Every structure is written in structure tokens, then in C-alpha cells.
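Report on one structure; see the data block that follows.
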Amino acid sequence: MADQCCAGKSGKTALNDPRWRRVLWIALVVNAAMFGVEIIAGVAADSRALQADALDFLGDSANYAISLGVAGMAIGWRARAALLKAATMLAFGLWVFTSAVWGFVAGTAPEAETMGLIGALALVANVVVALMLYRWRTGDANMRSVWVCSRNDAIGNLAVMAAALGVFGTGQGWPDLLVAAIMAGLAIWGSIDVFRHARSDLSAAAAGEAA
């Protein structure tokens, strides 16, 4: 049913549509490049939010690579890949939350200017990727996981920019830590959403094999 809903006018599904693979390759390259930019800037600015967003870019790069690897496989394998991605999203969320707590205890004062500039650049990158992936947002669990990652990233970038304003206005680091905690919550919520759809696809695959 999901494959039929994603079928284009040519009769091809998103899974065997070369446009789907091409978009994933572009998304992979963009996310890998932004990981390098943000991790360097995040360490230089001592920003937990930027470092968390950098790791999110790295995780997304791995997720896009997995999606490319299983795009032509049966729905059961694609659902298993989505489960793996849900687990990585959950792990990322827990790590970011722990990092935010540690930053609160240690006390940090990130550079607001760097946070705002890099956050704006990351937002542009993620919005471009999200727009490219929009047409496949209602596909199977594997496709949906890619869309959820991109959607959450764009929201996270807006939060990073808001944190930069908060740090600039208050001269304190708590806005940066608050945003890092929010990003952790987005990752955990997103992992639950992807996990639920992956289980649904696995059940559908099992029913099809039993029929």
C-alpha cells in the first residue's frame, strides 16, 4: 500500500525511482560536509547545541547511506533498516541529553555569534534537503525515517539560532544547554515514531509471507 501511494506517473515506485537515489546521495554529501563544519565550529565556540547538531548531521549521513543500501530490497529488510536508524536516533538523543546535563554542571559560555552564523548555514542545508525529500514523506518506514530526520534537523537549527540569541542577550550558557536538551527530545520522539512505523511494516511483511 505504501509503495502504491508513492508511485509516480510513470508507474515506478519511489524505491526504484532514480530520483529518490539521487536525492539521497545529495543529502548524504550535504550532511557529511555540514558535520565537518559544525563539529569544528561547535568545539571552537564551546557550544553543546552546535556539537549536538554536528553529531546529528553525522548520524543522518549514516542513515542516508543505509537507506541507499536497502532501497531496492523487500519491505521487511527496509523495515529492519528503519529499526536500526530508530535505535541510532534514540542513542543520539540520550547522548545529547547527557551532554547538556554535564554542560549545566560544568558551566559553559558559548560564542553566540558563531552559534548564530553556523546555525543559519545548517538551517539552509537542512531546509534544502527536507524540500527535496518532501514528496517521499508518506512512503514506507525507511522513507519516513529519512523525512523525519530532515524535518527534525530543520527544527533543531531554528532552536540553535534561538539559543544564540539567548546566549547573546543573557551572556549565559543556559539557552545553549536548553536547546541541546530540546534536540535530544526531538531525536527520542522521532525514534519512537520511526520505530512504530517500522514495526507496522514488519507486521505487513510477515502477513504477506504467511499468505
Side-chain angles (χ1 to χ4, degrees), residues 26-64 85-86 88-134 137 144-194:
I26 294 173
L28 192 159
V29 171
V30 169
N31 277 264
M34 285 305 305
F35 162 71
V37 171
E38 275 205 318
I39 195 65
I40 293 173
V43 172
D46 194 25
S47 169
R48 293 296 194 281
L50 280 181
Q51 293 175 38
D53 202 38
L55 289 179
D56 193 26
F57 272 118
L58 179 62
D60 286 349
S61 297
N63 286 341
Y64 296 140
K85 288 187 282 186
T88 62
M89 291 170 68
L90 177 61
F92 161 75
L94 294 175
W95 183 90
V96 171
F97 182 78
T98 302
S99 176
V101 172
W102 171 253
F104 178 79
V105 173
T108 59
E111 298 177 10
E113 294 81 2
T114 301
M115 288 178 63
L117 178 62
I118 300 301
L121 178 62
L123 176 62
V124 171
N126 277 319
V127 167
V128 169
V129 171
L131 289 175
M132 290 191 299
L133 292 168
Y134 184 79
R137 71 193 184 283
R144 183 171 177 79
S145 69
V146 172
W147 161 249
V148 168
C149 284
S150 298
R151 180 200 64 190
N152 286 355
D153 289 347
I155 296 173
N157 295 144
L158 289 173
V160 169
M161 295 173 67
L165 288 175
V167 171
F168 181 79
T170 64
Q172 300 179 13
W174 66 263
D176 178 63
L177 302 178
L178 176 61
V179 165
I182 292 173
M183 293 174 67
L186 280 172
I188 294 171
W189 179 260
S191 71
I192 295 172
D193 187 26
V194 173

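We use all heavy atoms of the structure for the numbers below, so side chains are in, but hydrogens, waters and symmetry mates are not. Just so it is clear, the model here is predicted, and its values are computed rather than measured.
Looking at every heavy atom in both residues, Leu158 comes nearest to Leu123 through CD2-CD2, 3.6 Å. Between Asp53 and Ala122, the shortest heavy-atom distance links the atoms OD2-CB, 3.9 Å. Nearest approach of Val129 to Ala27, heavy atoms of both residues: CG1-CB, 3.7 Å. Of all the heavy atoms in Met115 and Val167, the pair that sits closest is SD-CG2, 4.3 Å. Between Val179 and Ala159, the closest heavy-atom pair is CG2-O, 3.1 Å. Of all heavy-atom pairs spanning Ser191 and Ile188, the tightest one is OG-O, 2.6 Å.
Taking CG of Asp56 as the start and CH2 of Trp95 as the end, the distance is 11.0 Å to the nearest 0.5 Å. From Ile118, atom CD1 reaches atom CD1 of Ile39 across 12.0 Å, with rounding to the nearest 0.5 Å. The distance from the CE atom of Met161 to the CG atom of Leu117 is 9.5 Å, given to the nearest 0.5 Å. Atom-to-atom distance recorded for Leu177:CG and Ile182:CD1 is 11.5 Å, nearest 0.5 angstrom. One finds the OG1 atom of Thr170 at 10.5 Å from the CG atom of Asp176 (value rounded to the nearest 0.5 Å).
For Trp189, the CH2 atom sits in a loose shell: 12 or fewer heavy atoms of surrounding residues, nucleotides or ligands are nearer than 6.0 Å. More than 12 heavy atoms of other shown residues, nucleotides or ligands fall within 6.0 angstrom of atom CZ in Phe35.
Paired with Asn126 under the rule side-chain contact (heavy atoms from CB on, under 4.5 Å), one option of Ile155, Asn157, Leu121, Leu131 passes, and it is Asn157.
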### Query
Which is it for Val30 and Val128 under the side chain to side chain contact (heavy atoms under 4.5 Å, CB included) test, yes or no, and what are the steps along the way?
CA-CA 10 Å; Val30 169; Val128 169; over 6 Å; no
### Task
Carefully, step by step, assess Asp153 and Asn31 under the rule side chain to side chain contact (heavy atoms under 4.5 Å, CB included).
CA-CA 10 Å; Asp153 289 347; Asn31 277 264; 4.2 Å; yes
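Thr98 is linked by a side-chain contact (heavy atoms from CB on, under 4.5 Å) to nothing, counting only residues two or more places apart in sequence or in another chain.
At least one donor-acceptor pair under 3.5 Å links the side chain of Glu38 to the backbone N or O of Ala54.
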